[in-house]
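The sequence lines fix the lettering, A, B, ..., with proteins before strands; numbering per chain opens at 1.
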There are 2 protein chains.
Amino acid sequence: MLSKKTKYGLKALTFIARRIDNKPVPIATIAKNENISQKFLESILLTLRKSGFLGSKKGKGGGYYLLKDPKEINMSSVMRILEGPIAMVSCVSLNFYEKCDDCPDENTCSVYKLMKEIRDGNLKIYNNKSLSDLF
Amino acid sequence: MLSKKTKYGLKALTFIARRIDNKPVPIATIAKNENISQKFLESILLTLRKSGFLGSKKGKGGGYYLLKDPKEINMSSVMRILEGPIAMVSCVSLNFYEKCDDCPDENTCSVYKLMKEIRDGNLKIYNNKSLSDLF
DNA sequence: ATAATAATCTATCATTCCGATAGGATAAAT
DNA sequence: ATTTATCCTATCGGAATGATAGATTATTAT
């Protein structure tokens, strides 16, 4: 299941990206329009800023804005920041690899093979998608 | 992330399915071989039995056995029993549909479209896979 | 009959994570 | 100086997860 963090994060990103002039959008505006708890959204936008997707401006007329063209914002990277690993088990994860403690050999693991296939499928979708495709 | 319940369940199912004669396999045997907490595995196998995948036999020589040919056990159904919805958001789920409380319109929701695509991809894989493919 | 085997059932538990909230600090514009 | 809005830290309740314990029932073998 997708976390609300990711869901809200994606909604916020599209909301910001829809603004053609790319003028800063205040958190409150996004929260109201997308029915998101403002405080929760704060922390989400903060991580999106710290990961280099968003810029911010304080004070009146401030808010969050995109640092790149929506076409240049890849969905894989966004998902990894918001949701974490794209793979469903860490032993098949490319960016968050971790060995399973219970599994002695990945090559003979039935779950491994299946989940690798799932990961490849999802990765193909995310890799070929940018923020502009979400409009 | 895949729950351990699902992971263990899949491993147990393949373990049972590998037994050509289809004689009952005791929980303890599976637990030892696959490094799974026996008590936890008990509850998992119980749900797999109650959902019609496994049969059981008590007493000596007892254990769990498959009720169908591994080729006839579809991965979508197994995943739905063990992990729940295949979709990452309930509003795009076929078998566990639920409307999002925050989203006014699914047709204009950016997350909805993306997650539908993901669901379709995963479903295609699971639908075209049976337990026999996990060997 | 008795003992051993193995599933079944119920109940509980610790930990972790998630989503949300609170309150103040900082920075910029008017 | 005041307002606006981000930034930061801390905390919290509730749910879910994974695991454990103990007792019960059914079956087989001796």
Side-chain angles (χ1 to χ4, degrees), chain A residues 1-12 16 23-51 53-67 82-85 88-90 96 98 100-103, chain B residues 1-12 16 23-51 53-67 82-85 88-90 96 98 100-103:
Chain A
M1 285 283 119
L2 201 73
S3 67
K4 291 207 171 184
K5 181 181 175 188
T6 304
K7 190 184 175 189
Y8 294 163
L10 290 176
K11 283 191 170 194
I16 296 172
K23 273 202 294 191
V25 189
I27 300 176
T29 309
I30 308 173
K32 266 175 219 145
N33 276 278
E34 299 289 345
N35 300 308
I36 304 172
S37 143
Q38 173 158 348
K39 275 293 184 182
F40 189 28
L41 186 56
E42 275 187 26
S43 67
I44 298 170
L45 294 182
L46 215 50
T47 65
L48 283 172
R49 195 214 61 183
K50 285 178 180 168
S51 356
F53 294 107
L54 296 175
S56 66
K57 213 183 152 217
K58 286 183 180 179
K60 188 164 189 182
Y64 284 96
Y65 53 91
L66 287 181
L67 286 177
L82 290 172
E83 188 73 4
M88 293 186 77
V89 274
S90 46
F96 299 82
E98 246 179 80
C100 295
D101 41 351
D102 58 304
C103 193
Chain B
M1 284 280 121
L2 202 71
S3 68
K4 291 206 170 184
K5 180 181 175 188
T6 304
K7 190 183 174 189
Y8 293 163
L10 289 177
K11 282 191 170 193
I16 296 172
K23 273 203 293 191
V25 190
I27 300 175
T29 309
I30 307 173
K32 265 176 220 146
N33 276 278
E34 299 288 346
N35 300 308
I36 305 172
S37 144
Q38 173 158 348
K39 277 291 184 184
F40 188 29
L41 185 57
E42 277 186 23
S43 66
I44 298 170
L45 294 181
L46 216 49
T47 64
L48 283 172
R49 198 215 59 185
K50 286 178 180 166
S51 355
F53 293 108
L54 296 175
S56 66
K57 214 182 150 216
K58 286 184 180 180
K60 188 162 190 182
Y64 284 95
Y65 53 91
L66 287 181
L67 286 178
L82 290 172
E83 188 74 4
M88 291 186 80
V89 273
S90 45
F96 300 82
E98 246 180 80
C100 293
D101 42 350
D102 58 304
C103 194

Residue mapping more 5' on DNA chain C - nearest nucleotide basis, A/Lys57 or B/Ser56: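 Residue closer to the 5' terminus by nearest nucleotide: B/Ser56.
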Flag side-chain contact, heavy atom, 4.5 Å: A/Leu82 against A/Leu48: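 SC-SC contact between A/Leu82 and A/Leu48 confirmed.
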Candidate pair A/Ile44 and A/Ile36, rule side-chain contact (heavy atoms from CB on, under 4.5 Å), full reasoning: CA-CA 11 Å; A/Ile44 298 170; A/Ile36 304 172; 5.5 Å; no
Salt bridge flag under 4.0 Å for residues B/Lys4 and A/Asp102: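 So B/Lys4 does not pair with A/Asp102 through a salt bridge.
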Touch class at under 4.0 angstrom, heavy-atom based, for B/Leu45 against every strand present: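 No contact at all - B/Leu45 keeps every heavy atom at 4.0 Å or more from the nucleic acid.
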Sugar-phosphate only, base, or nothing, as touched by B/Lys50 at under 4.0 Å among non-hydrogen atoms: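 Contact class for B/Lys50: sugar-phosphate only.
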Would you be so kind as to tabulate the donor-acceptor pairs closer than 3.5 Å made by side chains of residues 57-64 of chain B, with sequence neighbours excluded?
none

CA sep, side-chain torsions, deciding dist, call: A/Met88, B/Met1, side-chain contact (heavy atoms from CB on, under 4.5 Å): CA-CA 4 Å; A/Met88 293 186 77; B/Met1 284 280 121; 5.6 Å; no
Spacing of A/Lys58 atom NZ relative to C/dT30 atom P, expressed in whole Å: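 For the pair A/Lys58 NZ and C/dT30 P, the rounded distance is 17 Å.
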Nucleotide C/dA27, atom P - distance to CG of A/Leu46 in whole Å: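 To the nearest whole Å, that distance equals 14 Å.
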Protein-to-nucleotide contact annotation, 5' to 3' order, nucleotides 11-24 of chain C [B base; S sugar-phosphate only; - none; under 4.0 Å, heavy atom]: --------SSBBB-
Heavy-atom contact window of chain A on DNA chain D, given 5' to 3' at under 4.0 Å: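 It runs D/dT4 to D/dC8.
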Inter-residue atom distance A/Glu42.CD - A/Ile27.CD1, 0.5 Å rounding: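 Atom-to-atom, A/Glu42:CD and A/Ile27:CD1 are 4.5 Å apart.
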Pair B/Glu98, B/Ser90: side-chain N/O donor-acceptor within cut-off below 3.5 Å: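 There is no such pair (donor and acceptor under 3.5 Å, judged by atom type) between the side chains of B/Glu98 and B/Ser90.
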Verdict with supporting geometry, A/Ser43 and A/Lys5, side-chain contact (heavy atoms from CB on, under 4.5 Å): CA-CA 9 Å; A/Ser43 67; A/Lys5 181 181 175 188; over 6 Å; no
